[in-house]
Amino acid sequence: MCGIVGFVDKNIAEKKPVIESMMDAIKHRGPNSSGELVHGNVALGFRRLSIIDIKSGMQPIYNEDKNKAIIFNGEIYNYQILREQLKKAGHKFKTNTDTEVLLHGFEEWGIVELLKKIRGMFAFVIYDLETGDITGARDFFGIKPLYYYNRQGTFIFGSEIKSFLKQPNFKKELNKSALKPYLTFQYSALNETFFKNVFRIPEGHYFTYKGGKLSIKKYWDMHFKENQLSFEDTVKKIDDSLHDSVKAHSISDVPVGSLLSSGVDSSYITAILKPEHTYSIDFDTNTYEEGSTAKDLADRLGLKNTRGIVTKDEAIKAMPLIQYYMDEPDANPSCVPLYFLTKLASKDVTVILSGEGADELFAGYSNYGDHSKSKVIRAFAEDLKKLPKGVRYKLAHGLEKLPNFPGRLHLYESTAKAEEFFIGEAKVFDEDEAADIVQPDFEKARSVKDIVMRSYRKVANFDDEVKKMQYLDLHQFMSNDILLKADRMSMANSMELRVPFLDKEVAEVAAGIPTKYLLNKKDSKYALRVASQRALPKEWAKRKKLGFPVPIRDWIHSEEVYQQFKELFSEDFAGEFFDQDKIIEMLDGFYNKKNDDRRKIWTIYTFLIWYKVFFINDGKKPNVDPKVKIVS
């Protein structure tokens, strides 16, 4: 696990100090060592967190002829099998790393065939010293980040945007069109980031940079196609695939632990792995409590559990640092516990397994299913879903126009096209609410519908609305929020976080599961829950999804935090973005318990904290060291 940076720029004579400065900006991703390559107009940089082949795995790594070099962030879980194939084909290896397997595989098979063969999480770049061509790729789901900037003869790429700020020809500018969609989605929802002209290489894509021209192409996508297996065979395939994935994800030359909450996803992974160390987090409030429940499971499995407590003061103190590590504003409150959780785990282990991806692959979100409290409405909705697609859609349009009545919204969402009502698992502000509080300079932005239709257009022919919603969340919420914070918060503490659910073999199994096996009258991700009973106590498999509960309501209701928020909302720079009277009125109303706009307030607060770090304080790392208290 590492951090990579690089650039092509003929207008910088002394490239070595520049690439070193860029590498220093992401030292947290790889504190163990560094390596660089400066050749002609190209500079590559690498920071290493030693996981595999600790003694000889330094990068860049070269091929036998030293005419190609690679820098790589991630892990390839089937590299040993591919290594043997490449050795039989005549390739000579100098290390035991998965990095070198990628380089020789690129030589032997080319980029597309290589990507078809590998299994893992990755962002890598290969440089041809003879032709000057650069080829790179990002993994199937977007577990590992990769950004680029390509303007006026300067091409920059890397794991984190903060390294770009050290490149003299990078022009730092706010992308004004990103703010309004962010207020709805809680994360940066566009292909272009909050930094103008900085883009993501999309998940499942590779790029080539030849003769100054950049080309980006897709090599993989999730393809849902229901199989004809029985429910029992489906459950067995899920369990078998996860055991295989956890085994692959546990390969390491350093200690491996697991994150453990009260939910089924991390519990299932932990029960299969049975690591020496598990970690849980709680807050100093009675509103939510995950850690004690997680410890109960660890005790029943005979595992050691380290539980930490985060106080309100430490959580708020950490926010500027968290947003610094995130690179872009992310108002998902779970960034806070995840930062402290990986900080806690970093005292013992370097690699940690976690449960991200299960909800998207196995339909775990409540919005996918029948969430009405009325049994009659739920039963009626189930009958309506059996109607032909055209009849359902026509009925939905009729329901949409009717005056409101109990159950109308549920019946509408049970019969309508997913693209007409579902924008993803995260939704904070309605689009018109966002437009109402931003200043005129920020009103022009891509519409929410336009953003989600990028994904929906690819599944327009699907009859199954749940599969459409899963596909959208895979390419929006999961890649731009869930996986981003998992990478950033773990790397902030120099930890490698691995996600066994997001393995392409597991995904192939998930893609074939009929929706009727995923959702039943009581449970989401039903087939996964049944499969987990092979490793977990039955009551654990049935636990309701909580997400990562964070007591932001309690925090903002406290006088101290309320005053901090009000002071921030009142600063002059906040008025550049928002109607200050409206956002302060919203804050006051919540504090006085006249509204429950905590998520909206937190989303505004997060953006202002982020902007202050990167634009007012010029991207300097905040000088704070938040603490987590160990209680067991």
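Side-chain atoms are counted along with the backbone in the values below, which use heavy atoms only and exclude waters and symmetry mates.
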Item to check | Sidechain-backbone polar pair: E314 side chain, K627 backbone, donor-acceptor under 3.5 Å | outcome: yes
Next on the checklist: Quick one, F283 with F340, criterion ring pair (Phe, Tyr, Trp, His ring centres under 6.0 Å). Give me CA distance, side-chain angles, the key distance, then yes/no.
Outcome noted: CA-CA 11 Å; F283 296 96; F340 284 99; 7.9 Å; no
Checklist entry - Does a side chain donor of either S558 or E560 reach within less than 3.5 Å of an acceptor in the other side chain? => result no
Item to check | Donor-acceptor contact below 3.5 Å, side chain S532 vs main chain Y268 | outcome: no
Next on the checklist: Using salt bridge (Lys or Arg N to Asp or Glu O under 4.0 Å), reason through K162 and D327 one step at a time and then give a plain yes or no.
Outcome noted: CA-CA 6 Å; K162 61 178 62 65; D327 266 352; 2.8 Å; yes
Checklist entry - Do you know the tightest heavy-atom contact between M489 and L338? => result CB-CG, 3.9 Å
Checklist entry - Salt bridge check: are K295 and D282 linked by an N-O gap of less than 4.0 Å? => result no
Next on the checklist: I'd like to know if the side chain of T603 reaches the main chain of Q186, judged simply by a donor and an acceptor atom lying under 3.5 Å from each other, with no hydrogens or angles considered.
Outcome noted: no
Checklist entry - Under 3.5 Å, is there a donor-acceptor pair between the D503 and Y77 side chains? => result no
Next on the checklist: Is it the case that over 12 heavy atoms from other parts of the model lie below 6.0 angstrom from the CD atom of E276?
Outcome noted: no
Next on the checklist: Quick check: do R529 and S524 have side-chain heavy atoms less than 4.5 Å from each other?
Outcome noted: yes
Checklist entry - Taking all non-hydrogen atoms of both residues, which atom of A345 and which atom of M495 are closest, and how far apart? => result CB-CE, 3.8 Å
Item to check | Heavy-atom pair with the smallest gap, counting every atom of P626 and K317 | outcome: CA-CE, 3.9 Å
Item to check | Closest contact, heavy atoms only, A189 versus N480 | outcome: O-ND2, 4.3 Å
Item to check | More than 12 heavy atoms from other groups under 6.0 Å of CG on N592 | outcome: yes
Checklist entry - With D359, which of D265, I482, L528 fulfils side chain to side chain contact (heavy atoms under 4.5 Å, CB included)? => result D265
Checklist entry - Any side-chain donor paired with an acceptor under 3.5 Å for S245 and H249? => result yes
Item to check | Side-chain donor or acceptor of K274 paired with backbone N/O of A271 under 3.5 Å | outcome: yes
Checklist entry - Looking at CG of L568 and CE of M319, how far apart are the two atoms once the value is rounded to the nearest 0.5 Å? => result 10.0 Å
Checklist entry - Less than 4.0 Å between a side-chain N and a carboxylate O, is that true for K343 and D625? => result yes
Checklist entry - Are a donor atom and an acceptor atom from the side chains of E328 and Y182 found within less than 3.5 Å of each other? => result no
Item to check | side-chain contact (heavy atoms from CB on, under 4.5 Å) evaluation trace for F422 with N367 | outcome: CA-CA 8 Å; F422 184 71; N367 286 332; 3.8 Å; yes
Checklist entry - Do side-chain atoms of E356 reach the backbone of L483 as a donor and acceptor pair under 3.5 angstrom? => result no
Item to check | Verdict with reasoning, F565 to F590, per ring pair (Phe, Tyr, Trp, His ring centres under 6.0 Å) | outcome: CA-CA 12 Å; F565 276 46; F590 177 74; 9.4 Å; no
Next on the checklist: Below 30° counts as parallel, above 60° as perpendicular, anything between as tilted: where do the rings of F477 and Y187 land?
Outcome noted: tilted
Checklist entry - Once the angle between the rings of Y325 and H28 is folded into 0 to 90°, is it parallel (under 30°), tilted (30 to 60°) or perpendicular (over 60°)? => result perpendicular
Checklist entry - Does I4 offer a backbone N or O that forms a donor-acceptor pair with the side chain of S159 under 3.5 Å? => result yes
Next on the checklist: Using modelled atom types and a 3.5 Å cut-off, is there a donor and acceptor pairing between side-chain atoms of D139 and backbone atoms of A123?
Outcome noted: no
Item to check | Ionic contact status for K427 with D430, cut-off 4.0 Å | outcome: yes
Next on the checklist: What I'd like to find out is whether the side chain of F362 reaches to under 4.5 Å of the side chain of Q470, using heavy atoms alone.
Outcome noted: no
Checklist entry - Looking only at side chains, do D221 and H475 share a donor and an acceptor under 3.5 Å apart? => result yes
Checklist entry - Aromatic rings Y591 and Y562: how do their planes relate, parallel, tilted or perpendicular, breaks at 30° and 60°? => result parallel
Item to check | Within-4.5 Å side-chain heavy-atom neighbours: I513 and K237 | outcome: no
Next on the checklist: Could you check whether any side-chain heavy atom of W602 comes within less than 4.5 Å of a side-chain heavy atom of F607, counting everything from C-beta outward?
Outcome noted: no
Item to check | Where A531 and D239 come nearest, the two heavy atoms and their spacing | outcome: O-OD1, 3.8 Å
Checklist entry - Do other residues, nucleotides or ligands put more than 12 heavy atoms under 6.0 Å from the CD atom of E508? => result no
Checklist entry - Between K467 and A511, is there a donor-acceptor pair closer than 3.5 Å when you use the side chain of the first and the backbone of the second? => result no
Next on the checklist: I need the single residue from W220, Y79, F140 that forms a ring-ring contact (aromatic ring centres under 6.0 Å, His included) with F122. Which is it?
Outcome noted: F140
Next on the checklist: Counting C-beta onward and ignoring hydrogens, is there a side-chain heavy-atom pair between D473 and Y368 closer than 4.5 Å?
Outcome noted: yes
Checklist entry - With distance as the sole test, does N227 use its side chain to make a donor-acceptor pair with the main-chain N or O of G512 at under 3.5 Å? => result yes
Checklist entry - Between the main-chain N or O of K304 and the side-chain N or O of T278, is there a donor-acceptor pair closer than 3.5 Å? => result yes
Item to check | Taking every non-hydrogen atom, the tightest pair across I322 and C335 | outcome: CG2-CB, 4.0 Å
Item to check | side-chain contact (heavy atoms from CB on, under 4.5 Å) between I269 and F501, intermediate numbers included | outcome: CA-CA 9 Å; I269 296 299; F501 280 108; 3.7 Å; yes
Next on the checklist: What I want to find out is whether K629 reaches D284 closely enough, with some N-O distance under 4.0 Å, to be called a salt bridge.
Outcome noted: no
Next on the checklist: Does F224 have more than 12 heavy atoms from other residues, nucleotides or ligands lying within 6.0 Å of its CZ?
Outcome noted: yes
Item to check | Flag for S334-N332: side-chain donor and acceptor within less than 3.5 Å | outcome: yes
Next on the checklist: Applying side-chain contact (heavy atoms from CB on, under 4.5 Å) to L146 and R200, what does each step give before you reach the verdict?
Outcome noted: CA-CA 6 Å; L146 187 57; R200 303 174 188 85; over 6 Å; no
Next on the checklist: Does E505 form a side-chain contact (heavy atoms from CB on, under 4.5 Å) with S241? I'd like the steps, not just the answer.
Outcome noted: CA-CA 7 Å; E505 306 298 329; S241 70; 5.7 Å; no
Item to check | Distance-only donor-acceptor check, side chains Y365 and E360, under 3.5 Å | outcome: yes
Checklist entry - Are L519 and K525 close enough that some pair of their side-chain heavy atoms sits under 4.5 Å apart? => result no
Checklist entry - Heavy-atom distance under 4.5 Å between the side chains of S230 and D233, does that happen here? => result yes
Checklist entry - Are T515 and D464 linked by a side-chain donor-acceptor pair shorter than 3.5 Å? => result yes
Item to check | From L353, D487, I352, residue fulfilling side chain to side chain contact (heavy atoms under 4.5 Å, CB included) relative to L497 | outcome: I352
Checklist entry - Can K600 be said to sit on top of F429's aromatic six-ring, NZ or CZ under 6.0 Å from centre and within 45° of the ring axis? => result yes
Checklist entry - Would you say the side chains of S346 and N493 form a donor-acceptor pair under 3.5 Å? => result no
Checklist entry - Under a 4.5 Å cut-off applied to non-hydrogen side-chain atoms, are S188 and D330 in contact? => result no
Next on the checklist: Can you confirm whether more than 12 heavy atoms, excluding those of E559, are under 6.0 Å from its CD atom?
Outcome noted: yes
Checklist entry - How far does CE of M326 sit from CG of L484, to the nearest 0.5 angstrom? => result 4.0 Å
